[in-house]
Amino acid sequence: LMSIPIVKSVYPYTKQVVDFFLSDNELEFDTVVAAPYPSEGIWAVSFVTGNGLKTLEGELGKRFVSVFVPTSPMPMTGFTVFIEADRLIPLDITVDEALRITVSAGVLIPAAEKVEDLEGQLKELAGANDEKGSA
């Protein structure tokens, strides 16, 4: 099999990933952050997974970290992105709470992080949008 060009280039990496997931090692997401993803002004609950890439840091002169951004409702899928460390906002929630937020699509927010007057804020937002529409 290793003489087949496509298999030869894909197999070692596929085997490495499969071995990792089948081993007793646990992937540790111990730092929960809000990351600016997918663009400015939008924040995603994310996990710092490691150091950034040396080439990025060398070329851009800033410290980057690798961040896993899980997707709803299946947090095992997501995106690995490299973001400037100083742009991340540490969140005072557990990994379990962060996963609960992701799986529930933001419905299950930990009590300490809940916005108290959400209904009032939504009414204000609706009023502001009505004013924009009539202008």
Side-chain angles (χ1 to χ4, degrees):
L1 284 175
M2 290 303 285
S3 63
I4 301 171
I6 294 173
V7 173
K8 182 170 72 173
S9 61
V10 173
Y11 176 77
Y13 305 109
T14 304
K15 182 179 182 330
Q16 192 176 19
V17 170
V18 169
D19 287 347
F20 174 80
F21 282 109
L22 294 179
S23 72
D24 290 334
N25 296 336
E26 287 188 23
L27 186 58
E28 292 191 28
F29 299 135
D30 57 358
T31 305
V32 181
V33 296
Y37 182 84
S39 62
E40 288 298 323
I42 299 173
W43 295 88
V45 173
S46 307
F47 304 99
V48 175
T49 57
N51 293 323
L53 299 173
K54 187 194 300 190
T55 302
L56 277 178
E57 291 187 10
E59 288 290 321
L60 300 172
K62 296 180 180 180
R63 183 170 172 259
F64 285 79
V65 295
S66 63
V67 175
F68 179 71
V69 182
T71 55
S72 295
M74 183 60 181
M76 293 309 294
T77 61
F79 302 93
T80 302
V81 295
F82 297 93
I83 299 177
E84 293 173 43
D86 62 356
R87 295 181 64 212
L88 300 173
I89 300 172
L91 297 176
D92 191 21
I93 60 174
T94 66
V95 170
D96 287 341
E97 290 170 329
L99 291 172
R100 203 171 304 130
I101 291 169
T102 302
V103 169
S104 71
V107 172
L108 301 176
I109 303 291
E113 288 291 328
K114 276 193 178 176
V115 175
E116 293 302 321
D117 187 21
L118 179 60
E119 190 173 316
Q121 288 183 359
L122 290 174
K123 286 179 182 176
E124 284 179 27
L125 181 61
N129 285 336
D130 289 343
E131 290 174 13
K132 286 181 186 176
S134 63

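Computed from a predicted structure; not experimentally measured.
For the pair E57 and K54, the minimum side-chain heavy-atom distance is 4.5 Å or more. P75 is listed as a side-chain neighbour of V103, based on a closest heavy-atom distance under 4.5 Å.
One hydrophobic cluster, built from ILVMFWY side chains closer than 4.5 Å, cannot hold both I89 and I93; they sit in different ones. By the criterion of side-chain heavy atoms lying less than 4.5 angstrom apart, applied directly or through intervening Ile, Leu, Val, Met, Phe, Trp or Tyr residues, W43 is not grouped with V81; the two fall into different hydrophobic clusters. A continuous path of ILVMFWY side-chain contacts below 4.5 Å connects L53 to F64, so both sit in one hydrophobic cluster. Linking Ile, Leu, Val, Met, Phe, Trp and Tyr residues whenever their side-chain heavy atoms come within less than 4.5 Å leaves V48 and F82 in two separate clusters.
In terms of heavy atoms, V69 sits closest to A44 at CG1-CB, 3.7 Å. In plain terms, the two heavy atoms of S72 and A105 that are nearest each other are OG-CA, 3.8 Å.
Contacts of T80 classified as side-chain hydrogen bond (donor to acceptor under 3.5 Å, both in side chains), with partners at least two apart in sequence or in another chain: none. Partners of S66 by side-chain hydrogen bond (donor to acceptor under 3.5 Å, both in side chains), not counting sequence neighbours, listed by chain and number: T49.
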Does I109 form a side-chain contact (heavy atoms from CB on, under 4.5 Å) with I101? I'd like the steps, not just the answer.
CA-CA 6 Å; I109 303 291; I101 291 169; 4.1 Å; yes

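A distance of 6.5 Å separates CG in N51 from CZ in R63, rounded to the nearest 0.5 Å. The line from CD1 of I83 to OH of Y37 is 8.5 Å long, rounded to the nearest 0.5 Å. Considering OG1 of T102 and CG of L108, their distance stands at 11.0 Å, rounded to 0.5 Å.
Side chain of E97 to main chain of T94: a donor-acceptor pair is present (N/O by atom type, distance under 3.5 Å, no hydrogens or angles). A donor-acceptor pair is defined here as one N or O able to donate and one able to accept, closer than 3.5 Å; no such pair exists between the side chain of T77 and the backbone of T71.
Between F68 and F47, the ring planes are parallel. Angles under 30° get that label, and only those over 60° would be called perpendicular.
Atom CG of D92 has 12 or fewer neighbouring heavy atoms from other residues, nucleotides or ligands inside a 6.0 Å radius.
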